[in-house]
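Notes follow the structure.
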Amino acid sequence: MDKKYNSGQWSQARYNSFIKSALRSASVRWPPRYTVLNEAFVEKGINPATGRVAKLFRCKCCGSLFSQSQIDINHIEPVVPIEGFDSWDGVIKRMFCEKEGMEALCKPCHKKITKEENSSRKEYKYNAKE
């Protein structure tokens, strides 16, 4: 295994993992994410999970109300395309998109969409080998 990063201690895969982790950490603080979340706010109400008053947000997919802890911000265009990794510039452009490229989804809807995207990537990769 060729280790050419971090004074010969990291492989290409370890380096890529480090970069992806750093980008994810930064993307959580990207201001348009907060704008999308604020626009999904509907009202203060009772959180069914805790019975306490909480801010409730509407899922763009199913339309139900959820507390903030049950809302994820989804990138409408996948950060990693269905065809697979293209370039770091492409990943960064899609990850740090404007609010129009994001939507507030409940965790179950976000999980479903992510699963479908991953399945499409797997299928694309399989068909590309043929």
Side-chain angles (χ1 to χ4, degrees):
M1 185 184 309
D2 188 24
K3 294 187 175 185
K4 56 184 177 179
Y5 296 95
N6 188 22
S7 302
Q9 296 179 44
W10 288 0
S11 65
Q12 180 74 46
R14 174 64 180 96
Y15 172 78
N16 289 349
S17 178
F18 176 81
I19 297 298
K20 282 188 263 184
S21 177
L23 288 171
R24 279 191 196 108
S25 293
S27 74
V28 173
R29 298 184 309 274
W30 181 236
R33 288 177 64 97
Y34 296 107
T35 303
V36 170
L37 183 64
N38 288 334
E39 288 177 357
F41 172 73
V42 177
E43 63 188 18
K44 283 192 176 184
I46 302 299
N47 179 347
T50 63
R52 295 182 173 167
V53 174
K55 287 184 172 183
L56 299 177
F57 301 84
R58 187 168 311 281
C59 172
K60 181 123 186 202
C61 187
C62 70
S64 298
L65 297 181
F66 295 89
S67 65
Q68 185 172 347
S69 67
Q70 291 300 307
I71 290 287
D72 284 335
I73 303 300
N74 179 54
H75 289 84
I76 296 169
E77 181 182 356
V79 173
V80 176
I82 300 301
E83 301 81 23
F85 179 84
D86 55 357
S87 70
W88 285 115
D89 287 341
V91 167
I92 291 166
K93 181 181 174 188
R94 289 183 296 273
M95 187 176 279
F96 295 94
C97 64
E98 295 302 317
K99 70 175 190 165
E100 295 79 17
M102 299 181 222
E103 58 191 353
L105 300 178
C106 66
K107 290 190 183 286
C109 287
H110 189 238
K111 187 176 182 178
K112 179 182 170 193
I113 288 172
T114 301
K115 188 175 180 178
E116 289 169 359
E117 288 172 354
N118 288 339
S119 178
S120 294
R121 271 189 208 91
K122 191 174 182 178
E123 186 177 325
Y124 180 87
K125 193 174 183 180
Y126 175 77
N127 290 334
K129 288 181 182 179
E130 293 179 348

For Glu123, give me all partners under salt bridge (charged side-chain N to carboxylate O under 4.0 Å, His left out), at least two apart in sequence or on another chain.
none

Only pairs under 3.5 Å count here: list side-chain donor-acceptor contacts from residues 87-98, not counting sequence neighbours, and write none if there are none.
unit_1, atom_1, unit_2, atom_2, d
Ser87, OG, Gly90, N, 3.0
Arg94, NE, Pro78, O, 3.4
Arg94, NE, Val79, O, 2.8
Arg94, NH1, Asp86, OD2, 3.2
Arg94, NH1, Gly90, O, 3.4
Arg94, NH2, Val79, O, 3.2
Arg94, NH2, Asp86, OD1, 2.8
Arg94, NH2, Asp86, OD2, 3.3

So which pairs with a foot in residues 62-80 pass salt bridge (charged side-chain N to carboxylate O under 4.0 Å, His left out), sequence neighbours left out?
Asp72-Lys107

By side-chain hydrogen bond (donor to acceptor under 3.5 Å, both in side chains), Glu103 pairs with (sequence neighbours left out) Asn74

Hydrophobic cluster membership, Leu37 vs Leu105, 4.5 Å side-chain cutoff
no

Same apolar cluster (I L V M F W Y, side chains within < 4.5 Å links), Phe85/Trp10
yes

For Gly84, does its backbone N or O pair with a side-chain atom of Arg121 as donor and acceptor, under 3.5 Å?
no

Heavy-atom side-chain proximity of Asn6 to Arg14 below 4.5 angstrom:
no

Got more than 12 heavy atoms from elsewhere within 6.0 Å of CD, Glu83?
yes

Determine, using the 4.5 Å side-chain heavy-atom cutoff (strictly less than), whether Met102 and Ile76 are members of one ILVMFWY cluster.
no

Residues passing the salt bridge (charged side-chain N to carboxylate O under 4.0 Å, His left out) test with Lys4, sequence neighbours excluded, are none

Qualifying residues under salt bridge (charged side-chain N to carboxylate O under 4.0 Å, His left out), relative to Lys99, sequence neighbours excluded:
Glu39

Mind listing the side-chain donor-acceptor pairs of residues 44-54 below 3.5 Å, one per line with the distance, residues two or more places apart or on another chain?
unit_1, atom_1, unit_2, atom_2, d
Asn47, OD1, Ala49, N, 2.9
Thr50, OG1, Arg52, N, 3.2

Partners meeting side chain to side chain contact (heavy atoms under 4.5 Å, CB included) with Leu65 (sequence neighbours left out)
Val42, Glu43, Leu56, Arg58

Applying side-chain hydrogen bond (donor to acceptor under 3.5 Å, both in side chains) to Lys111 and not counting sequence neighbours gives none

Is there a side-chain contact between Cys106 and Ser64, using heavy atoms and a 4.5 Å cut-off?
no

Donor-acceptor contacts under 3.5 Å from residues 19-29 side chains, at least two apart:
unit_1, atom_1, unit_2, atom_2, d
Ser25, OG, Ser21, O, 3.2
Ser27, OG, Arg24, O, 2.9
Arg29, NH1, Ser25, O, 3.0

Nearest heavy-atom contact between Ala104 and Ile71 is CB-CG2, 4.1 Å

According to ring pair (Phe, Tyr, Trp, His ring centres under 6.0 Å), does anything in residues 58-79 pair up with another residue at least two apart or in another chain? List the pairs.
none

With no hydrogens and no angle check, is any side-chain donor or acceptor of Ser17 less than 3.5 Å from a backbone partner on Ala13?
no

The complete set of ring pair (Phe, Tyr, Trp, His ring centres under 6.0 Å) pairs with one or both residues in residues 43-62, sequence neighbours excluded, reads Phe41-Phe57

